[in-house]
Amino acid sequence: MLWDMDGGLLPLLKAGGARQQAALDVLESALRLGSPMCIYSALHGLGHGAYYQRGLCQGAVDRFLIERGAALSPFLARYAQAARAGGVQ
């Protein structure tokens, strides 16, 4: 996934400032797409990002769950909770 690649979004999430916000914006934008795989990918990135920026990434997942949680498949709902805790592989 894009979020896992060296030079991808994870170094930006660690960076702080405008670069960090840009990376978070990309991930949150992907959460708003209709494709379950795009949502899964964004959650995956946020789950990894939670190791470095727990509050920011948890906030993004929380906002996503408030907005779309009721419409998620059981798999994506569980994965969102895992991502929130940094428990993705």
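Predicted, not measured: the structure shown is a model, and the values here were computed from it.
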*Asp62 and Gln58: side chain donor to acceptor below 3.5 Å*: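 Asp62 vs Gln58: no donor-acceptor pair found between side chains.
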
*asked:* Tell me whether Val61 shares a hydrophobic cluster with Ile66, the cluster being built from Ile, Leu, Val, Met, Phe, Trp, Tyr side chains joined at under 4.5 Å.
replied: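 Cluster IDs for Val61 and Ile66 differ.
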
What is the minimum heavy-atom distance between [X] and [Y], and which atoms define it?
X     : Y     : value
Ala60 : Leu24 : CB-CD1, 4.1 Å
Ala50 : Ala83 : CB-O, 4.1 Å
Arg68 : Leu31 : NH1-O, 2.8 Å

_Tell me if a side-chain donor or acceptor on Arg63 pairs with a main-chain N or O of Gly59 at a distance below 3.5 Å._
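Such a contact is found between Arg63 side chain and Gly59 backbone.
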
*asked:* Quick one: does any side-chain atom of Ser41 pair with a main-chain N or O of Met37 as donor and acceptor, under 3.5 Å?
replied: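 No, because the side chain of Ser41 does not come within donor-acceptor range (under 3.5 Å) of the backbone of Met37.
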
*Minimum side-chain heavy-atom gap Leu72-Phe64 below 4.5 Å*: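 Yes, close enough: below the 4.5 Å cut-off.
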
*Decide yes or no for Val88 and Leu46: does some side-chain heavy atom of the first lie under 4.5 Å from some side-chain heavy atom of the second?*
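No, their side chains stay 4.5 Å or more apart.
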
*asked:* Could you measure the distance from the CD atom of Gln81 to the CG atom of Leu43? Nearest 0.5 Å is fine.
replied: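 CG of Leu43 is found 10.0 Å from CD of Gln81.
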
*Please assess Arg32 against Ile39 for the test side chain to side chain contact (heavy atoms under 4.5 Å, CB included), listing each intermediate value before the final yes or no.*
CA-CA 7 Å; Arg32 290 189 290 275; Ile39 294 168; over 6 Å; no

*asked:* Can you tell me how the ring of His48 sits relative to the ring of Tyr51, calling it parallel under 30°, perpendicular over 60° and tilted otherwise?
replied: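 The rings of His48 and Tyr51 sit tilted, inter-plane angle from 30° to 60°.
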
